[in-house]
Amino acid sequence: MNAQRLERILSAFLPSFIAKQLAKSPKLLLFVVLFITLLVIFIIKIASFAIYSLVVGAVLFGCWMAWSGTKCIMSKRKKRVS
């Protein structure tokens, strides 16, 4: 792909100065694409970990509430039996 055509494509998404620099240097363009890809993957991993932590925390909280309720019911039942 020639530099002018690549520059036209890049200028649709980026400022013209940056598009010119990226069109002239394929290694820089590859680095930028790789960097953005890795950044997106990293953000997705952080978000998925946060969602996983939230779900696990909610399940643990629910178990704790159920256990507390069971202990309360069992202590009331023992008081009635005695």
Side-chain angles (χ1 to χ4, degrees):
M1 190 178 287
N2 61 13
Q4 290 177 346
R5 184 174 175 198
L6 184 59
E7 183 182 336
R8 245 185 302 129
I9 293 170
L10 290 173
S11 65
F13 303 104
L14 300 168
S16 62
F17 174 74
I18 297 173
K20 284 180 186 177
Q21 296 300 319
L22 289 176
K24 289 178 186 175
S25 174
K27 287 183 182 179
L28 182 62
L29 180 62
L30 182 64
F31 173 74
V32 168
V33 168
L34 186 65
F35 177 75
I36 291 173
T37 304
L38 291 175
L39 186 67
V40 167
I41 290 171
F42 181 71
I43 290 171
I44 289 171
K45 284 189 176 259
I46 295 285
S48 64
F49 178 74
I51 292 169
Y52 174 75
S53 298
L54 187 67
V55 168
V56 168
V59 168
L60 288 175
F61 181 73
C63 291
W64 177 70
M65 292 295 287
W67 177 250
S68 296
T70 303
K71 285 193 329 186
C72 190
I73 291 171
M74 294 301 281
S75 66
K76 286 180 183 175
R77 190 173 289 170
K78 283 183 183 178
K79 287 179 184 175
R80 273 192 256 151
V81 171
S82 299

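Residue indices begin at 1 and follow the sequence shown.
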message = Checking Leu6 against Leu29 for the side-chain contact (heavy atoms from CB on, under 4.5 Å) test, could you report, in this order, the C-alpha distance in whole Å, the side-chain angles of both residues, the deciding distance, and whether it holds?
response = CA-CA 10 Å; Leu6 184 59; Leu29 180 62; 3.8 Å; yes
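- Applying the side-chain contact (heavy atoms from CB on, under 4.5 Å) rule to Ser25 yields the partners Lys27, Leu28; only residues at least two apart in sequence or on another chain are considered.
- Remark: Thr70 pairs with Met74 by the side-chain contact (heavy atoms from CB on, under 4.5 Å) rule, at least two apart or across chains.
- Separating the CG atom in Leu38 from the NZ atom in Lys45 is a distance of 11.0 Å, to the nearest 0.5 Å.
- Leu30 belongs to no multi-residue hydrophobic cluster, having no ILVMFWY side-chain contact under 4.5 Å with any other such residue.
- Linking Ile, Leu, Val, Met, Phe, Trp and Tyr whenever their side-chain heavy atoms come within less than 4.5 Å leaves Val40 and Leu34 in two separate clusters.
- Here the closest non-hydrogen pair linking Ser11 and Ala19 is N-CB, 3.6 Å.
- Legend: residues meeting ring-ring contact (aromatic ring centres under 6.0 Å, His included) with Trp64, ordered by chain and number and at least two apart, are Phe61.
- Qualifying side-chain contact (heavy atoms from CB on, under 4.5 Å) partners for Leu54, counting only residues two or more places apart in sequence or in other chains: none.
- Sorted by first and then second residue, the ring pair (Phe, Tyr, Trp, His ring centres under 6.0 Å) pairs involving residues 35-57 (not counting sequence neighbours) form an empty list.
- Interatomic distance, CG of Leu39 versus CD1 of Ile44, reported as 10.0 Å (0.5 Å rounding).
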